[in-house]
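Written out below as structure tokens is the structure these notes cover.
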Amino acid sequence: MSSSTSAAPERPVRIVLADDQPLVRTALSMVIAETADLVVTGEAADGAEAVRLVEETGAHVVVMDLRMPGTDGIEATRLITEGPTDARVVVLTTFDDDDHVFGALYAGASGFLVKDMALDDILAAVRVVASGDALIAPAVTRRLIKEFTDRPRPAPAAPRRRAEGITDREREVLTLVGRGLSNTEIAGELHISMATAKTYVTRLLAKLDARDRVHLVIIAYETGLVSTS
């Protein structure tokens with residue numbers, strides 16, 4: 001199915017593809033070439049090259065593999081999110097990458113997808129992240145929560161205190177975000193409009209001082225709203 005649109009946008013989303021496997025970069029690049037709203041501005045085989053290309057090309061989004069030689073995807077994500085640009089990172093992971101995903105989460109990645117997703121779904125996720133939102137594929141969400149469970153950590157007093165200031169409905173929405181549901185799925189679950197669901201998520205981001213949707217997942221777990229049990 002073609003990903004092209006009928007009219008080109010005013011500002012195409014500039015993308016850097018970072019993966020040490022040329023076949024992965026080629027497949028993504030070919031699909032992106034068929035779109036009107038996305039453009040590949042660079043391809044990197046390692047993290048250091050990805051960081052350089054982001055700064056040189058003014059990329060909006062980096063599609064990042066985590067296991068790369070030299071500077072890996074975690075360090076590259078940290079350098080990009082803490083750097084002078086506003087570029088955001090979408091991580092492509094596999095189910096055996098738990099440690100790497102956990103590191104990328106705290107490095108500031110805004111999206112986590114699995115590599116066996118359809119290419120069109122990956123591009124849809126890139127658009128979401130480029131718009132300023134964040135997402136985690138549901139299959140990855142449960143693995144992240146399990147990773148939190150398995151790691152010793154201090155008692156999350158601050159997140160619990162912050163969560164006391166939200167309404168019952170906002171708590172329901174936070175729980176569903178923590179389970180990895182999209183705004184559309186939240187709307188269906190709670191029988192509200194998608195616009196209303198998005199408004200609740202926006203309020204949660206502000207009230208909980210959360211960086212993005214990924215950060216809300218962390219808070220949902222730390223406050224005990226979601227668990228692996």
Side-chain angles (χ1 to χ4, degrees), residues 1-19 21-45 47 49-66 73 76-77 79-81 83-93 104 108-140 177 180-188 193-199 201-202 205 211-216:
M1 180 176 64
S2 174
S3 301
S4 60
T5 58
S6 58
E10 293 182 4
R11 189 197 71 163
V13 175
R14 297 191 294 274
I15 302 168
V16 165
L17 304 176
D19 197 302
Q21 298 181 32
L23 185 60
V24 173
R25 299 198 309 270
T26 298
L28 283 169
S29 185
M30 288 176 63
V31 175
I32 291 171
E34 297 179 0
T35 70
D37 61 328
L38 306 174
V39 60
V40 175
T41 59
E43 296 185 22
E49 189 177 6
V51 174
R52 177 181 62 81
L53 286 172
V54 166
E55 296 180 359
E56 287 182 358
T57 68
H60 301 120
V61 177
V62 183
V63 178
M64 183 80 73
D65 181 32
L66 293 181
T77 296
L79 291 171
I80 289 168
T81 58
T85 74
D86 294 325
R88 296 161 68 83
V89 176
V90 175
V91 168
L92 284 183
T93 183
S110 295
F112 292 84
L113 309 173
V114 290
K115 283 191 172 182
D116 60 357
M117 289 178 66
L119 291 176
D120 279 353
D121 290 339
I122 292 175
L123 299 192
V126 168
R127 294 183 178 99
V128 169
V129 170
S131 72
D133 205 344
L135 58 84
I136 309 179
V140 179
V177 170
L181 273 65
S182 67
N183 288 348
T184 301
E185 292 168 330
I186 291 171
S193 70
M194 190 171 67
T196 300
K198 184 175 181 180
T199 296
V201 172
T202 300
L205 290 168
R211 179 183 66 235
D212 52 32
R213 199 182 192 95
V214 175
H215 198 185
L216 286 180

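As the structure is a prediction and not an experimental result, all values here were calculated from the model. Every heavy atom of this structure was used, including side-chain atoms; hydrogens, water molecules and symmetry mates were not.
Every residue two or more places apart in sequence or in another chain that forms a side chain to side chain donor-acceptor pair (under 3.5 Å) with S193 is listed here: T196. For T81, the side chain to side chain donor-acceptor pair (under 3.5 Å) criterion is met by no residue, not counting sequence neighbours. Listed by chain and residue number, D19, D65 satisfy the side chain to side chain donor-acceptor pair (under 3.5 Å) test with K115 (two or more places apart in sequence, or in another chain).
Results of the side chain to side chain contact (heavy atoms under 4.5 Å, CB included) test with V40 over V63, V16, I32 single out I32 as the only residue that passes.
Side-chain atoms of L53 and V51, non-hydrogen and from C-beta on, never get closer than 4.5 Å to each other. Within the 4.5 Å cutoff, no side-chain heavy atoms of V13 are placed close to those of R127. The side-chain heavy atoms of L119 and L28, taken from C-beta on, include a pair separated by under 4.5 Å.
Here the CG atom belonging to L79 is positioned 14.0 Å from the CZ atom belonging to R52, to the nearest 0.5 angstrom. In this structure, CE in M117 is found 8.5 Å from CG in L92, a value given to the nearest 0.5 Å. Remark: L38 CG to T41 OG1 distance equals 11.5 Å, nearest 0.5 Å. Taking OG of S182 as the reference point, atom CE of M194 lies at 8.5 Å (rounded to 0.5 Å). Distance check: H60 NE2 to R11 CZ gives 3.5 Å after rounding to the nearest 0.5 Å. Residue L113 holds its CG atom at 9.0 Å from CG of D121, rounded to the nearest 0.5 Å.
Shown here for M64 and A76, the closest heavy-atom pair between the two residues is CE-CB, 3.7 Å. Between E55 and P84, the shortest heavy-atom contact is OE2-CD, 3.9 Å. Taking all atoms of both residues into account, the shortest heavy-atom contact from I15 to L17 is CG2-CD2, 3.8 Å. Smallest separation of non-hydrogen atoms from V61 and A130: CG2-CB, 3.7 Å. Across every non-hydrogen atom of V90 and V129, the tightest pair is CG2-CG2, 3.6 Å. When all heavy atoms are compared, the tightest approach of A59 to A87 is O-CB, 3.4 Å.
With E34 contributing its side chain and V31 its backbone, the two residues share no donor-acceptor pair below 3.5 Å. Side chain of R25 to backbone of A18: no donor-acceptor contact under 3.5 angstrom is found.
For D86, the CG atom counts as loosely surrounded, since its 6.0 Å shell holds 12 or fewer non-hydrogen atoms of other residues, nucleotides or ligands.
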